[in-house]
J.: 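Here it is: the structure, laid out below.
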Amino acid sequence: MDVLLVGSIAYDSVTSPVGQVERALGGSATYGGLASSFHAARLGLGKVGLVGVVGEDFSDADRQILASHGTDVSGIETAPGETFRWEGAYQGSMAEAETHATYLNVFEHFQPKVPEHARTPKVTFCANLHPALQASVLDQTTPQRLSMLDSMNLWINIAREPLLEVMQRVDLIIINDGEVRMLADDENLIRASHTVREMTSASTLIVKRGEHGVLAFHGEDIIALPAFPTADVCDPTGCGDTFAGTLAAYIASGEGPLQRNELRTALVAATVSASFTLQSFGVKALQGMSPGAFDERMHQFEGILS
Ligand code: AMP
């Protein structure tokens, strides 16, 4: 097992200035897992394992989507009740999702169980989820290279202490600029990033800045990258998860302490992958990303960066 990923599997209803979608397959584990397994296959890695829960309403077709690229779905349990649901909307520049409703459903009583064979992955990735559930997965795994986590404003608001505790336990934190400002209670992004680094024991902090790209603090190094320039923006849901899932696969492909150049390459690939997710509602564009289309856009992005 190269990447072990825990997160939400959801039915999302999303409205953006371009249109809307009802009950589309989504969730942090879905986007993260699809991105991670796509890159694991491209990079010749072993399996990506998913841990999560779905309800009795979860369709076989959606289960098939999760299992694409040979993903190990034995850690996904089906519980009595309905699948987790999220309703959100984007306006204007679509920089941030407005959450309209969250229905925890089967998540309410979820206790993650990492299958025996998945307990020593190369990378443990706790995608956005309640911090207590992220902590439970960290308890059950011994990552061979690195552990990483993503989070969201909801947990900063309602579970700040458990979030700060779990942030002490990972090597890499990936989070939005708005969330960094919230955590540090400081509008100055650089100062806030330094404060968040001091609040945690992570050696790498990756700050996602939406259309403004990404800022990574790694040891003494700082890496800044723009977003892939695109006018084709339909629905940003899952961009952060796609970004993080890509990063997890790239990190799982290396050995030893994470090097700056390796991190930069991973960030470039993560940026390009996220630009696919943007182009459709739900996972359609991410699912349709072919190795050829990805390589072509990587080449284009490297040209922009040079
Ligand atoms: P992103 O746009 O990458 O930040 O993530 C969007 C995904 O997060 C959506 O597909 C939602 O289903 C999922 N999501 C929204 N709220 C939560 C939550 N409270 N816990 C876990 N996942 C969530």
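Ligands are counted one by one from 1 in listed order, and the atoms in each one are counted from 1 as well. Keep in mind it's a predicted model, so treat the numbers as computed, not measured.
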J.: So is M152 touching ligand 1 or not, going by heavy atoms under 4.0 Å?
T.: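 M152 counts as a contact of ligand 1 under the 4.0 Å cut-off.
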J.: For atom 22 (N) of ligand 1, which protein heavy atom lies nearest, and how many Å away is it?
T.: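 Result: S8 OG, 2.8 Å.
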J.: If you look at every heavy atom in V272 and F276, which pair is closest and at what distance?
T.: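 Shortest heavy-atom contact: O-CD1, 3.3 Å.
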J.: Can you tell me if N157 has over 12 outside heavy atoms packed within less than 6.0 Å of its CG?
T.: yes
J.: Is there at least one pair of N or O atoms, one from S28 and one from ligand 1, spaced under 3.5 Å apart?
T.: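 Looking only at distances, the answer is no, because the N/O contact criterion of under 3.5 Å is not met.
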J.: May I ask you to check if ligand 1 and A10 share an N or O to N or O distance below 3.5 Å?
T.: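 Such a contact does not occur with ligand 1.
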J.: Report, as yes or no, whether the 6.0 Å neighbourhood of atom CD on E77 holds more than 12 heavy atoms from other residues, nucleotides or ligands.
T.: yes
J.: Could you walk me through whether K122 and E255 pass the salt bridge (charged side-chain N to carboxylate O under 4.0 Å, His left out) test, one step at a time?
T.: CA-CA 9 Å; K122 200 87 175 276; E255 301 286 342; 3.4 Å; yes
J.: Heavy-atom contacts with T237 under 4.0 Å: which atoms of ligand 1 show up? List them by number with element.
T.: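 Once the distances to T237 are compared, the set is 2 (O), 6 (C), 9 (C), 10 (O).
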J.: Give the atoms of ligand 1, by number and element, whose distance to some non-hydrogen atom of G240 is under 4.0 Å.
T.: 3 (O)
J.: Would you mind checking if E96 and R181 are paired as a salt bridge, meaning a charged N to carboxylate O distance below 4.0 Å?
T.: no
J.: Can a non-hydrogen atom of F84 be found less than 4.0 Å from any atom of ligand 1?
T.: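 Within the 4.0 Å threshold, so yes.
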J.: Name the option, out of W155, Y90, W86, that contains the heavy atom nearest to atom 15 (C) of ligand 1.
T.: W86
J.: Which residue and atom name correspond to the protein heavy atom nearest atom 12 (O) of ligand 1, and how close is it?
T.: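 For atom 12 (O) of ligand 1, the nearest protein heavy atom comes out as D12 OD1, 2.7 Å.
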J.: Taking R191 first and then D186, would you say they form a salt bridge - that is, a charged N and a carboxylate O separated by under 4.0 Å?
T.: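 A salt bridge is present here (some side-chain N lies under 4.0 Å from a carboxylate O).
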J.: Counting from 1, what ligand 1 atoms have a heavy atom of G27 closer than 4.0 Å?
T.: 9 (C), 10 (O), 12 (O)
J.: Salt bridge or not for D139 and R169, using N-O below 4.0 Å?
T.: yes
J.: Provide the number and element of each atom of ligand 1 under 4.0 Å from a heavy atom of D241.
T.: 1 (P), 3 (O), 5 (O), 6 (C), 7 (C)
J.: Which residue in the set V283, I9, L34 passes side-chain contact (heavy atoms from CB on, under 4.5 Å) when paired with L66?
T.: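 Of the listed residues V283, I9, L34, the side-chain contact (heavy atoms from CB on, under 4.5 Å) partner of L66 is I9.
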J.: Go through ligand 1 atom by atom and flag the ones less than 4.0 Å from a non-hydrogen atom of C239.
T.: 3 (O)
J.: Is the NZ or CZ atom of R297 both under 6.0 Å from the centre of the six-membered ring of F228 and within 45° of that ring's axis?
T.: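 That pair qualifies as a cation-pi contact.
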J.: For Y31, counting its heavy atoms only, list the atoms of ligand 1 lying under 4.0 Å from any of them.
T.: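 Those of ligand 1 that fall under 4.0 Å from Y31 are 10 (O).
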J.: Considering only heavy atoms of L154, which atoms of ligand 1 have at least one such atom less than 4.0 Å away?
T.: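 With L154 as reference, the close atoms of ligand 1 come out as 19 (N).
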J.: Show me which atoms of ligand 1 lie under 4.0 Å from any heavy atom of G26.
T.: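 Taking each heavy atom of G26 in turn, ligand 1 has 10 (O) under 4.0 Å.
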J.: Taking atom 2 (O) of ligand 1 as the point of reference, which of A127, G238, S151 owns the nearest heavy atom?
T.: G238
J.: Strictly below 4.0 Å, N to O, side chains only: are R264 and D221 in salt-bridge contact?
T.: no
J.: More than 12 heavy atoms of other residues, nucleotides or ligands under 6.0 Å from CD of E56: yes or no?
T.: yes
J.: Relative to atom 21 (C) of ligand 1, which among N128, I158, V283, L133 owns the nearest non-hydrogen atom?
T.: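 It is N128 that holds the nearest heavy atom.
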